[in-house]
Amino acid sequence: MLIPAAGKNFYTRSAFIDALDSYSRFGTEGCEEDSLCEIAAFFAHVTHETGHFCYIEEIDGASKDYYDEDNTQYPCVSGENYYGRGPLQLSWNYNYGAAGDSIGFDGLNNPEIVATDVDISFKTALWFWMTNVHSVVDEGFGATIRAINIIECDGGNTPAVNARVEYYTEYCNQLGVSTGDNLTC
(Lines give C-alpha, C1' and ligand atoms only; values in the text may rest on other atoms or scores of the structure.)
Protein backbone atom coordinates (compact mmCIF):
# COMPACT_ATOMS: atom_id res chain seq x y z
CA MET A 1 0.00 0.00 0.00
CA LEU A 2 1.34 3.42 -0.98
CA ILE A 3 1.44 5.84 1.91
CA PRO A 4 2.49 9.40 1.01
CA ALA A 5 5.41 10.62 3.11
CA ALA A 6 5.96 7.12 4.53
CA GLY A 7 9.61 7.58 3.66
CA LYS A 8 9.97 10.43 6.12
CA ASN A 9 9.69 7.87 8.93
CA PHE A 10 11.60 5.14 7.08
CA TYR A 11 14.83 6.48 5.60
CA THR A 12 17.42 7.30 8.27
CA ARG A 13 20.91 8.69 8.27
CA SER A 14 22.14 5.79 10.41
CA ALA A 15 20.77 3.19 7.96
CA PHE A 16 22.55 4.95 5.10
CA ILE A 17 25.83 5.13 7.04
CA ASP A 18 25.51 1.46 8.01
CA ALA A 19 24.91 0.49 4.37
CA LEU A 20 28.07 2.35 3.36
CA ASP A 21 30.10 -0.18 5.35
CA SER A 22 29.31 -2.71 2.62
CA TYR A 23 30.30 -0.36 -0.22
CA SER A 24 33.60 1.25 0.70
CA ARG A 25 34.29 2.47 -2.86
CA PHE A 26 31.19 4.70 -2.91
CA GLY A 27 32.19 8.36 -2.85
CA THR A 28 35.82 7.61 -2.09
CA GLU A 29 37.55 7.26 -5.46
CA GLY A 30 39.37 9.97 -7.35
CA CYS A 31 39.99 13.42 -5.96
CA GLU A 32 37.79 15.05 -3.32
CA GLU A 33 35.71 16.83 -5.97
CA ASP A 34 35.08 13.52 -7.79
CA SER A 35 33.92 11.96 -4.52
CA LEU A 36 31.60 14.85 -3.74
CA CYS A 37 30.17 14.80 -7.27
CA GLU A 38 29.37 11.09 -6.91
CA ILE A 39 27.64 11.73 -3.58
CA ALA A 40 25.70 14.63 -5.12
CA ALA A 41 24.68 12.45 -8.08
CA PHE A 42 23.50 9.61 -5.83
CA PHE A 43 21.38 11.90 -3.69
CA ALA A 44 20.01 13.75 -6.72
CA HIS A 45 18.68 10.46 -8.08
CA VAL A 46 17.41 9.34 -4.67
CA THR A 47 15.65 12.68 -4.21
CA HIS A 48 13.98 12.29 -7.60
CA GLU A 49 13.06 8.62 -7.21
CA THR A 50 11.56 9.04 -3.72
CA GLY A 51 9.96 12.47 -4.12
CA HIS A 52 12.31 14.02 -1.55
CA PHE A 53 12.43 10.85 0.59
CA CYS A 54 8.63 10.69 0.82
CA TYR A 55 8.01 7.45 -1.03
CA ILE A 56 9.33 3.98 -0.30
CA GLU A 57 7.46 2.32 -3.16
CA GLU A 58 6.84 3.37 -6.74
CA ILE A 59 3.56 5.20 -7.27
CA ASP A 60 1.18 2.73 -8.92
CA GLY A 61 4.07 0.27 -9.03
CA ALA A 62 1.98 -2.81 -8.35
CA SER A 63 0.01 -2.12 -11.53
CA LYS A 64 3.15 -2.22 -13.70
CA ASP A 65 4.79 -5.22 -15.35
CA TYR A 66 8.44 -5.52 -14.30
CA TYR A 67 8.83 -9.17 -15.22
CA ASP A 68 11.57 -10.38 -17.50
CA GLU A 69 10.16 -13.83 -18.10
CA ASP A 70 13.09 -14.76 -20.33
CA ASN A 71 15.56 -14.37 -17.46
CA THR A 72 16.36 -17.91 -16.33
CA GLN A 73 18.94 -16.94 -13.72
CA TYR A 74 16.41 -14.92 -11.72
CA PRO A 75 12.99 -16.25 -12.76
CA CYS A 76 9.82 -14.50 -11.68
CA VAL A 77 8.00 -16.00 -8.72
CA SER A 78 4.24 -16.33 -9.10
CA GLY A 79 2.40 -13.76 -7.02
CA GLU A 80 5.41 -11.47 -6.47
CA ASN A 81 5.78 -7.98 -7.92
CA TYR A 82 9.14 -6.48 -8.79
CA TYR A 83 8.21 -2.81 -9.03
CA GLY A 84 10.29 0.08 -7.72
CA ARG A 85 11.12 0.08 -4.02
CA GLY A 86 13.72 1.83 -1.90
CA PRO A 87 15.92 4.90 -2.43
CA LEU A 88 16.62 4.14 -6.10
CA GLN A 89 13.35 2.29 -6.72
CA LEU A 90 14.89 -1.11 -7.42
CA SER A 91 12.84 -2.76 -10.20
CA TRP A 92 12.75 -5.98 -12.26
CA ASN A 93 13.11 -9.58 -11.13
CA TYR A 94 16.73 -9.78 -12.29
CA ASN A 95 17.69 -6.80 -10.11
CA TYR A 96 15.86 -8.15 -7.06
CA GLY A 97 17.49 -11.56 -7.57
CA ALA A 98 21.02 -10.24 -8.07
CA ALA A 99 20.75 -7.71 -5.23
CA GLY A 100 19.46 -10.42 -2.94
CA ASP A 101 22.34 -12.73 -3.85
CA SER A 102 24.85 -9.95 -3.22
CA ILE A 103 23.34 -8.57 -0.01
CA GLY A 104 21.93 -11.75 1.48
CA PHE A 105 18.14 -11.70 1.19
CA ASP A 106 15.64 -13.57 -0.96
CA GLY A 107 14.84 -10.88 -3.49
CA LEU A 108 12.74 -13.10 -5.73
CA ASN A 109 10.48 -14.57 -3.03
CA ASN A 110 10.43 -11.53 -0.76
CA PRO A 111 10.87 -8.33 -2.80
CA GLU A 112 8.71 -6.44 -0.26
CA ILE A 113 11.59 -6.48 2.21
CA VAL A 114 13.19 -3.63 0.25
CA ALA A 115 10.24 -1.48 1.39
CA THR A 116 10.10 -2.76 4.96
CA ASP A 117 13.73 -3.13 6.08
CA VAL A 118 15.57 0.21 5.85
CA ASP A 119 19.00 -1.43 6.02
CA ILE A 120 18.27 -3.70 3.07
CA SER A 121 16.62 -0.78 1.31
CA PHE A 122 19.76 1.38 1.40
CA LYS A 123 21.99 -1.59 0.62
CA THR A 124 19.97 -2.35 -2.52
CA ALA A 125 20.33 1.28 -3.61
CA LEU A 126 24.08 1.21 -3.07
CA TRP A 127 24.32 -2.24 -4.69
CA PHE A 128 22.50 -0.93 -7.78
CA TRP A 129 24.65 2.20 -7.83
CA MET A 130 27.96 0.37 -7.52
CA THR A 131 26.92 -2.30 -10.03
CA ASN A 132 25.35 -0.07 -12.70
CA VAL A 133 26.21 3.58 -12.14
CA HIS A 134 29.54 4.04 -10.33
CA SER A 135 31.59 3.15 -13.41
CA VAL A 136 30.04 5.98 -15.49
CA VAL A 137 30.10 8.79 -12.92
CA ASP A 138 33.22 10.29 -14.53
CA GLU A 139 31.33 10.60 -17.84
CA GLY A 140 29.04 13.27 -16.40
CA PHE A 141 25.70 13.34 -14.66
CA GLY A 142 23.85 12.55 -17.89
CA ALA A 143 25.55 9.16 -18.00
CA THR A 144 24.20 8.38 -14.52
CA ILE A 145 20.67 9.23 -15.68
CA ARG A 146 21.08 6.87 -18.63
CA ALA A 147 22.35 4.10 -16.31
CA ILE A 148 19.40 4.49 -13.92
CA ASN A 149 16.52 5.16 -16.29
CA ILE A 150 17.41 5.09 -19.97
CA ILE A 151 13.79 5.60 -21.07
CA GLU A 152 13.95 9.18 -19.77
CA CYS A 153 16.83 9.95 -22.15
CA ASP A 154 16.78 11.22 -25.73
CA GLY A 155 13.48 13.03 -25.22
CA GLY A 156 11.75 10.12 -23.47
CA ASN A 157 10.91 12.23 -20.41
CA THR A 158 12.61 15.61 -20.58
CA PRO A 159 10.87 16.99 -17.45
CA ALA A 160 12.23 14.08 -15.37
CA VAL A 161 15.74 14.60 -16.76
CA ASN A 162 15.51 18.31 -15.99
CA ALA A 163 14.34 17.59 -12.43
CA ARG A 164 17.27 15.23 -11.87
CA VAL A 165 19.71 17.83 -13.20
CA GLU A 166 18.18 20.47 -10.95
CA TYR A 167 18.60 18.26 -7.86
CA TYR A 168 22.17 17.44 -8.87
CA THR A 169 23.00 21.11 -9.35
CA GLU A 170 21.53 21.94 -5.94
CA TYR A 171 23.54 19.21 -4.21
CA CYS A 172 26.74 20.24 -6.01
CA ASN A 173 26.18 23.84 -4.93
CA GLN A 174 25.64 22.73 -1.33
CA LEU A 175 28.86 20.69 -1.45
CA GLY A 176 30.81 23.48 -3.18
CA VAL A 177 31.74 21.54 -6.33
CA SER A 178 31.19 22.09 -10.04
CA THR A 179 28.52 20.10 -11.83
CA GLY A 180 30.90 19.39 -14.70
CA ASP A 181 29.80 18.83 -18.29
CA ASN A 182 27.36 16.37 -19.87
CA LEU A 183 24.50 17.01 -17.46
CA THR A 184 21.73 15.51 -19.61
CA CYS A 185 21.28 12.37 -21.63
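Given the structure is predicted, the values throughout are model-derived calculations rather than measurements.
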**Student:** Counting C-beta onward and ignoring hydrogens, is there a side-chain heavy-atom pair between Ile148 and Asn132 closer than 4.5 Å?
**Tutor:**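 Ile148 does not reach Asn132 side chain to side chain.
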**Student:** Are Asp154 and Arg146 ion-paired here, with the side-chain N under 4.0 Å from a carboxylate O?
**Tutor:**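 Counted as a salt bridge, because a side-chain N and a carboxylate O are separated by less than 4.0 Å.
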**Student:** Which one of Arg85, Lys123, Gln89 satisfies the side-chain contact (heavy atoms from CB on, under 4.5 Å) criterion with Val114?
**Tutor:**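 Only one of Arg85, Lys123, Gln89 forms a side-chain contact (heavy atoms from CB on, under 4.5 Å) with Val114, namely Arg85.
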**Student:** What's the spacing between Asp68 CG and Cys76 SG if we round to 0.5 Å?
**Tutor:**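 If I round to the nearest 0.5 Å, the distance is 7.0 Å.
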**Student:** Take Tyr96 and Asn110 through the side-chain hydrogen bond (donor to acceptor under 3.5 Å, both in side chains) test and state the conclusion after the steps.
**Tutor:** CA-CA 9 Å; Tyr96 276 94; Asn110 188 15; over 6 Å; no
**Student:** Considering only heavy atoms from C-beta outward, does the side chain of Ile145 approach that of Val165 to under 4.5 Å?
**Tutor:**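 They are in contact (side-chain heavy atoms under 4.5 Å apart), so the answer is yes.
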**Student:** Kindly check if Cys185 and Cys153 bring their SG atoms closer than 2.5 angstrom.
**Tutor:**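 Their SG atoms fall under 2.5 Å; a disulfide, then.
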**Student:** Take Phe42 and His134 through the ring-ring contact (aromatic ring centres under 6.0 Å, His included) test and state the conclusion after the steps.
**Tutor:** CA-CA 9 Å; Phe42 177 82; His134 177 76; over 10 Å; no
**Student:** Please check if the side chain of Thr124 supplies one atom and the backbone of Ser121 the other of a donor-acceptor pair under 3.5 Å.
**Tutor:**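 Flag set: sc Thr124 to bb Ser121 pair under 3.5 Å.
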**Student:** Give a yes-or-no answer on whether the side chains of Tyr74 and Asp101 include a donor-acceptor pair shorter than 3.5 Å.
**Tutor:**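 A donor-acceptor contact under 3.5 Å links the two side chains.
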**Student:** So that I know where these two stand, are Phe141 and Tyr171 an aromatic pair - ring centroids less than 6.0 Å apart?
**Tutor:**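 Ring centres of Tyr171 and Phe141 not closer than 6.0 Å.
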**Student:** Within the distance-only criterion (no hydrogens, no angle test), does the side chain of Thr47 pair as donor or acceptor with the backbone N or O of His52 below 3.5 angstrom?
**Tutor:**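 No, the answer is negative, given that no donor and acceptor are paired below the 3.5 Å cut-off.
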**Student:** Check for me whether Arg164 meets the cation-pi criterion with Tyr168, that is, NZ or CZ under 6.0 Å from the six-membered ring centre and within 45 degrees of the ring axis.
**Tutor:**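 No, Arg164 does not lie over the aromatic ring of Tyr168.
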**Student:** Around atom CG of Asp21, are there more than 12 heavy atoms of other residues, nucleotides or ligands at under 6.0 Å?
**Tutor:**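 Count over threshold, so yes.
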**Student:** Apply the test side-chain hydrogen bond (donor to acceptor under 3.5 Å, both in side chains) to residues Glu57 and Tyr83: give CA-CA distance (whole Å), side-chain angles for both, the deciding distance (0.1 Å), then the verdict.
**Tutor:** CA-CA 8 Å; Glu57 298 181 298; Tyr83 59 85; 2.9 Å; yes
**Student:** Keeping Glu38 on the side-chain end and Gly27 on the backbone end, is there a donor-acceptor pair under 3.5 Å?
**Tutor:**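 Looks like yes, one N/O pair under 3.5 Å.
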**Student:** Take a 6.0 Å sphere around CD1 of Ile17 and say whether it holds more than 12 heavy atoms from other residues, nucleotides or ligands.
**Tutor:**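 Buried by this count: over 12 neighbours within 6.0 Å.
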